[in-house]
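In what follows, a single structure is set out as structure tokens and then discussed.
Values in this document were obtained by computation on a predicted structure and should not be read as measured data. Residue numbers count from 1 along this sequence.
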Amino acid sequence: LRMSFSRFAVNAYTSPALSLSAQRVVNARTVKAQPGAKTQTPVFRCPGIAAFQTFPAPIRGANLVGDRLIVVAGTTAYGVSSSGTLTALGSIPGSGPCASAAGTGKAVFLSSGNGYMVDSVVTPITDPDYLPSTHVTWSDGYFVFLAADRVFTCELNDPTDLDALA
């Protein structure tokens, strides 16, 4: 018994340009076409695909904290419940993408170098040891920040309290 494989979704990719992303394959199925058809494996969209939630402004960043999604859309941070309910948590100024990291019960979002801790509300990071940062990650209870010329950390489980000696 010999199996034959046909070329399927060989041009699937994602691009920032919507016209180029039209070939992205998500939730699709294929059906073998009859001999002589233009395409031997046409791709059809699966029924039942629906948006989970829409936001009032463009999404700038998101991270999962426990079982709750935190999304920055426009200048507002939202908590999104598992049912899709939006709760405004506070403001994160700016218009560009937000880098983020999630820890235990809280997340940190960076916008234009400024840091914001998000749990049930948005709290700006105002510690005098904070330096404008471009990246953040979480490791074993510590948020680790990357500034222009150094790496620094917060105190254990508290991204608003930074360690000047780190």
Side-chain angles (χ1 to χ4, degrees), residues 9 12-28 45-166:
Y13 59 90
T14 303
S15 170
L18 182 59
S19 60
L20 296 177
S21 289
Q23 297 180 29
R24 185 171 178 228
V25 179
V26 175
N27 294 332
R45 187 173 179 178
C46 293
I49 300 171
F52 175 69
Q53 184 55 269
T54 57
F55 291 87
I59 294 174
R60 299 173 47 212
N63 217 312
L64 190 62
V65 179
D67 62 350
R68 189 166 87 159
L69 180 65
I70 306 293
V71 176
V72 178
T75 58
T76 303
Y78 295 94
V80 184
S81 71
S82 59
S83 65
T85 304
L86 295 181
T87 303
L89 304 175
S91 178
I92 297 182
S95 59
C98 293
S100 67
T104 304
K106 57 193 75 148
V108 169
F109 286 84
L110 304 178
S111 177
S112 303
N114 298 311
Y116 301 87
M117 180 190 74
V118 182
D119 47 18
S120 59
V121 296
V122 174
T123 304
I125 298 174
T126 58
D127 188 293
D129 295 320
Y130 179 80
L131 299 171
S133 301
T134 57
H135 295 80
V136 61
T137 190
W138 185 82
S139 178
D140 293 330
Y142 296 92
F143 286 92
V144 182
F145 298 86
L146 174 64
D149 62 349
R150 67 186 65 173
V151 174
F152 60 99
T153 64
C154 67
E155 295 296 332
L156 183 64
N157 292 319
D158 186 0
T160 61
D161 186 8
L162 301 169
D163 186 355
L165 300 177

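Contact between Lys106 and Asn157 at its shortest, heavy atoms only, is NZ-O, 2.8 Å. Of all heavy-atom pairs spanning Leu69 and Ala62, the tightest one is CD1-CB, 4.3 Å. Across all non-hydrogen atoms, the minimal contact from Pro56 to Tyr78 is CG-OH, 3.2 Å. Scanning both residues, Val65 and Ala102, for their nearest heavy atoms gives CG2-CB, 4.0 Å.
Contact annotation: the side chain of Val80 approaches that of Phe55 to within less than 4.5 Å [non-hydrogen atoms, C-beta and beyond]. Between Pro159 and Trp138, the closest side-chain pair of non-hydrogen atoms is not below 4.5 Å. Contact check for Leu131 versus Leu162: no side-chain heavy atoms found under the 4.5 Å cut-off.
Among pairs with a residue in residues 90-104, those fulfilling side-chain hydrogen bond (donor to acceptor under 3.5 Å, both in side chains) read Asn63-Ser100, at least two apart in sequence or across chains. Each side-chain hydrogen bond (donor to acceptor under 3.5 Å, both in side chains) pair with one or both residues in residues 79-88, not counting sequence neighbours, appears once here: Ser81-Ser83, Ser83-Thr85.
Evaluation of the side-chain contact (heavy atoms from CB on, under 4.5 Å) rule for Leu146 yields Thr134, His135, Val151 as partners, not counting sequence neighbours. By the side-chain hydrogen bond (donor to acceptor under 3.5 Å, both in side chains) test, Thr76 is found to be paired with no residue, residues two or more places apart in sequence or in another chain being considered. For Tyr142, there are no ring pair (Phe, Tyr, Trp, His ring centres under 6.0 Å) partners two or more places apart in sequence or in a different chain. Remark: Thr54 pairs with no residue by the side-chain contact (heavy atoms from CB on, under 4.5 Å) rule, at least two apart or across chains.
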Identify every side-chain donor-acceptor pair in residues 107-124 under 3.5 Å, counting partners at least two apart or on other chains, and give the distances.
from, atom 1, to, atom 2, distance (Å)
Ser111, OG, Arg60, NH2, 2.6
Ser111, OG, Pro93, O, 2.5
Asp119, OD1, Val121, N, 3.3

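For the atom pair CZ (Phe143) and OG1 (Thr137), the distance works out to 9.0 Å, reported to the nearest 0.5 Å.
Note on ring orientation: taking the six-membered ring where Trp is involved, the planes of Phe152 and Tyr130 are perpendicular (angle over 60°, cut-offs 30° and 60°).
If you run side chain to side chain contact (heavy atoms under 4.5 Å, CB included) between Asp127 and each of Thr160, Asp161, Asp158, only Asp161 comes through.
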